[in-house]
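Working notes, beginning with the structure itself.
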Amino acid sequence: MVVVNYDTSDDVVAVLQGLDDPRLEVVVVDNASGQPPPVSTPNAQLLQLPTNAGWARGCNAGAVATTTPVLAFVNPDARPSADALLALAESLGDPSVGAVAPHFLNPDRSPQAFYFRFPGVIGGLFCFLPAGQRLDHVIGSPFIRHRTYDFGKSVPVEVDQPGAACLLLRRDDFMAMGGFDEDMFLFFADTDMCRRLKRQGKRVVVRSDVEVVHEGGASVRRLPVAAMREQFQRDYVTYLKRNHGRAAVAVTKVAALVLSGLLPAVWHLLRLRPRSSVEQLRMTMHVVRS
């Protein structure tokens, strides 16, 4: 099992409390955080990286440091038990299954909408660009509702992609594909991985009988909103390059310039906030130039 930490030490300690089990091999990858989590259980080791290498690269480093035939990537804000992970691993005995995830629950144990369809180029404009998100909300959220399976009302059996809060793959498959794409620093590397598995004819399944609480947000809540939004959009552009080609990237960059840059900048100017206007354009240009 691999857990990547960046300033989430308290969450890592919490997730490890339920995983002190000799049947598991645990690697905690510390991405040069200011406070590495204490790792004292016999079945766990701490791997410290010299710089903050991002989620994808951290996961890859942790995978190399393990020896188990099944890799479980668990976020610090997920709370799986050892039995849950071992039950999920059993599903990978079916050669048609490329990845498996649990039934995700919110902390109040209500179903969590954490299973997604692969984003299309047009849908991505409404799901991932701030102005597009606002427009989608105004028209009744058709794009985000299509993106998310059943919006958490039921547990799907097979999905394009579950959230990577608890995602299991066979080591051989993962290594054969070169691991997660490290050009995606924090977002979309899990989406890209599931897409590559699908291209190989593998299924991505959900075990409705295995429940895992996912608190959500631990990896990003310490990031400033502007920095998180900028990284999200840059990783999305990289995902598009890998999976949809140059035309899709061009369409998305133009839309980002207009929806996330020019229109919000004009909005700030009309409200006599020139600094906010300049910052909005600066952030968008980083995405456009990526």
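Scope of the values below: all heavy atoms of this structure, side chains included, with no hydrogens, waters or symmetry mates.
Taking the six-membered ring where the residue is Trp, the centroids of Phe232 and Phe188 are separated by under 6.0 Å. Annotation: Tyr6 is not in aromatic contact with Trp55 [ring centroid separation under 6.0 Å not met]. Aromatic rings of Phe187 and Tyr239 (six-membered ring for Trp) have centroids beyond the 6.0 Å cut-off, not under it.
Under the 4.5 Å side-chain heavy-atom criterion for grouping Ile, Leu, Val, Met, Phe, Trp and Tyr, Val27 is connected to Val4 within one hydrophobic cluster. Linking ILVMFWY side-chain heavy atoms closer than 4.5 Å, directly or via other members, places Met177 and Leu167 in a single hydrophobic cluster.
Put simply, CD on Gln133 and SG on Cys127 are 7.5 Å apart, with the number rounded to the nearest 0.5 Å.
Taking all atoms of both residues into account, the shortest heavy-atom contact from Asp7 to Gly34 is OD1-N, 3.2 Å. Of all the heavy atoms in Asn5 and Gln35, the pair that sits closest is ND2-O, 4.1 Å.
Partner Leu240 forms a side-chain contact (heavy atoms from CB on, under 4.5 Å) with one of Asp235, Thr252, Val251 and no other, that one being Thr252.
Judged as a salt bridge (Lys or Arg N to Asp or Glu O under 4.0 Å), and not counting sequence neighbours, the contacts of Arg203 are Asp94, Glu158.
In this structure, Arg196 does not pair ionically with Asp181, as no charged nitrogen and carboxylate oxygen lie closer than 4.0 Å. Salt-bridge check for Arg79 with Asp11: passed, with a basic side-chain N closer than 4.0 Å to an acidic carboxylate O. Salt bridge status for Asp172 with Arg170: absent, with no side-chain N to carboxylate O gap under 4.0 Å.
A donor-acceptor contact shorter than 3.5 Å is absent between the side chain of Asp160 and the backbone of Lys198.
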